[in-house]
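To start, the structure under review is shown below, and the notes come after it.
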Amino acid sequence: MPPTVIHSDTEIVDAAVLRTDLGDRADLEARETRTEAAVAAALDDAAVLVLDDKSPVTVDALAAADTADLALIARAGTGVDTVDVPAAAERGIPVTNVPGYGTEAVATHAIGLLLAAWQTIPERDRAARDGTWDWEIGRPIPQLPGSTLGIVGFGRIGRRTAAFAQGFDLEVLADDPYVDAEEIAAHGARKVEDRSALLRAADILSIHAPLTDETEGMIGADDLAALPEHAVLVNTARGGIVDEAALLEALSAGDLRAAALDVLETEPPRPDDPLLEREDVILTPHAAWYSEASRRELNETVARQARAALDGERPAHVVDPDADWL
């Protein structure tokens, strides 16, 4: 019998693309993988396990499974914060992701959120539909050209966002300890060594960092307080990077004009999440990654990596390059 490729039962994973690209190398099966127990069962049965960002591959899930026949854990996405990569490496299991697949889509979405929040477009739309036809809705609105965009995390998406922002005549400052000033300057931005200086200068703050132990809760009360009162926060990275309790306090106190969030600490949010009730918060459902082109690229890359693993080859984009699994 051919080996089995199990994938999360989610629309992010395009089974038709996987089936076409894998051919007769493997059988394909969709499963719910939202719990440790479900992940452990899938780890038991799969030769390749393709997971979305809601699938917890913990050390306990790995320990509970027989992974002798597992050739690959493939994240259908960029972040691997839901996968215990060192625990997988200890068992000789490579973990892959798909870096860069949604660069254009996420940067476009970030700019869209930026413009919507800055121009109070959702508030004006709601007012117009409710019969309030008044240009003063959403006042005051500062002029966007000539304002300063602060970008935290200057990788692929941060750089593309900076390029788009320059078309709106924004000055771009960047905070990224892993990118030097010359590289940042080559992309039309200026490196700020002290994040507090970036925060004080930023009319818009856009988050483009991965969620790691280092970045979790990185934007907290003191950081939000350092922003100008007219500032807008945009987050298309990961919800855990921004302290949501501190964000709510800053918005309630008038220390921040608006927030536009594609990601939250808890997804989907609880029905009683106070962010849902705020006029000064724009929410989208962790959808910044999506365009038809990016979804296709994501699934084609996952399929190539699955094929490589099934053929005994090293896939591209192994997260832990030092893992000795072949």
Side-chain angles (χ1 to χ4, degrees), residues 7-15 30 32-35 38-39 50-57 74-83 97-117 121-122 151-153 155-158 160-161 164 205-212 215-219 232-245 247-248 251 258-278 280-299 301-302:
H7 65 84
S8 298
D9 188 9
T10 169
E11 285 298 315
I12 293 172
V13 179
D14 189 335
E32 187 279 323
T33 54
R34 292 292 185 268
T35 66
V39 168
V50 179
L51 297 172
D52 65 4
D53 63 347
K54 302 296 189 297
S55 303
V57 186
R75 258 288 286 123
T78 301
V80 290
D81 45 286
T82 57
V83 180
N97 67 345
V98 188
Y101 77 95
T103 297
E104 296 293 329
V106 177
T108 301
H109 198 87
I111 293 295
L113 289 176
L114 183 164
L115 294 172
I121 288 173
I151 293 179
V152 176
R156 294 181 182 88
I157 297 170
R160 193 65 177 130
T161 303
F164 287 156
L205 183 68
S206 193
I207 311 299
H208 297 287
L211 180 61
T212 64
T215 64
E216 187 170 7
M218 177 174 62
I219 305 300
V232 166
L233 170 72
V234 177
N235 188 8
T236 54
R238 282 293 186 271
I241 296 172
V242 176
D243 182 332
E244 288 179 10
L247 175 60
L248 281 164
L251 290 166
L261 311 172
D262 184 57
V263 289
L264 297 172
E265 291 177 358
T266 300
E267 296 178 359
R270 300 181 305 276
D272 62 348
D273 190 324
L275 287 170
L276 299 175
E277 303 300 322
R278 298 198 63 94
D280 51 8
V281 174
I282 299 171
L283 296 174
T284 55
H286 202 146
W289 66 274
Y290 168 74
S291 69
E292 280 301 300
S294 63
R295 183 170 180 255
R296 184 171 57 254
E297 181 183 356
L298 171 68
N299 282 275
T301 303
V302 168

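All values derive from a computational prediction rather than experimental measurement.
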Which heavy atom of A209 sits nearest a heavy atom of M218, and at what distance? CB-CE, 4.4 Å
Out of curiosity, R160 CZ to T103 OG1, how far, rounded to the nearest 0.5 Å? 9.5 Å
With no hydrogens and no angle check, just 3.5 Å: does a side-chain donor-acceptor pair link D262 and T284? yes
Given 3.5 Å as the limit, does a donor-acceptor pair link the side chain of T215 with the main chain of I241, or not? no
Polar side-chain atom of T10 near backbone of V13 as donor-acceptor pair, under 3.5 Å: no
Do you know the tightest heavy-atom contact between G77 and N97? O-CB, 3.4 Å
Enter the distance from I121:CD1 to L113:CG here, rounded to the nearest 0.5 Å. 10.5 Å
What's the spacing between I151 CD1 and L205 CG if we round to 0.5 Å? 9.5 Å
Return the minimal non-hydrogen interatomic distance between G239 and E265, and the atom names on each side. O-CG, 3.6 Å
Tell me if a side-chain donor or acceptor on N299 pairs with a main-chain N or O of V302 at a distance below 3.5 Å. no
Donor-acceptor pair, side chain of S55 and main chain of L51, under 3.5 angstrom: no
For R296, all residues meeting salt bridge (charged side-chain N to carboxylate O under 4.0 Å, His left out), sequence neighbours excluded: none
Any side-chain heavy-atom pair from L283 and L276 closer than 4.5 angstrom? yes
Crowding at CD, E32 (>12 non-hydrogen neighbours, <6.0 Å): yes
Where A117 and V232 come nearest, the two heavy atoms and their spacing: CB-CG1, 3.6 Å
Is the side chain of S294 donor-acceptor paired with the backbone N or O of W289 at a distance under 3.5 Å, no angle test? yes
Any idea which heavy atoms bring F164 and E104 closest together, and the distance? CZ-OE1, 3.8 Å
Determine whether T161 and S206 satisfy the following criterion, side-chain hydrogen bond (donor to acceptor under 3.5 Å, both in side chains), listing intermediate values before the conclusion. CA-CA 9 Å; T161 303; S206 193; 5.4 Å; no
Side-chain touch P274/L248, heavy atoms, less than 4.5 angstrom: yes
To the nearest 0.5 Å, tell me how far L233 CG sits from I207 CD1. 5.5 Å
Is it true that atom CZ of R156 has more than 12 heavy atoms of other residues, nucleotides or ligands lying nearer than 6.0 Å? no
Is it true that K54 and D52 have a side-chain N and a carboxylate O under 4.0 angstrom from each other? no
Gap separating the OG1 atom of T236 from the CG atom of L261, nearest 0.5 angstrom: 10.0 Å
Who pairs with E244 by salt bridge (charged side-chain N to carboxylate O under 4.0 Å, His left out), at least two apart in sequence or on another chain? none
Holding to salt bridge (charged side-chain N to carboxylate O under 4.0 Å, His left out), I want the full list of residues that pass it with R75, two or more places apart in sequence or in another chain. none
Evaluate D53 against H286 for side-chain contact (heavy atoms from CB on, under 4.5 Å), listing each step before the verdict. CA-CA 11 Å; D53 63 347; H286 202 146; 3.3 Å; yes
Given P56, which of T33, T35, V39 fulfils the side-chain contact (heavy atoms from CB on, under 4.5 Å) condition? V39
Give, for atom CD1 of I12 and atom NE2 of H7, the distance between the pair rounded to the nearest 0.5 Å. 12.5 Å
E297 and Y101 have their tightest heavy-atom pair at OE1-O, 3.2 Å
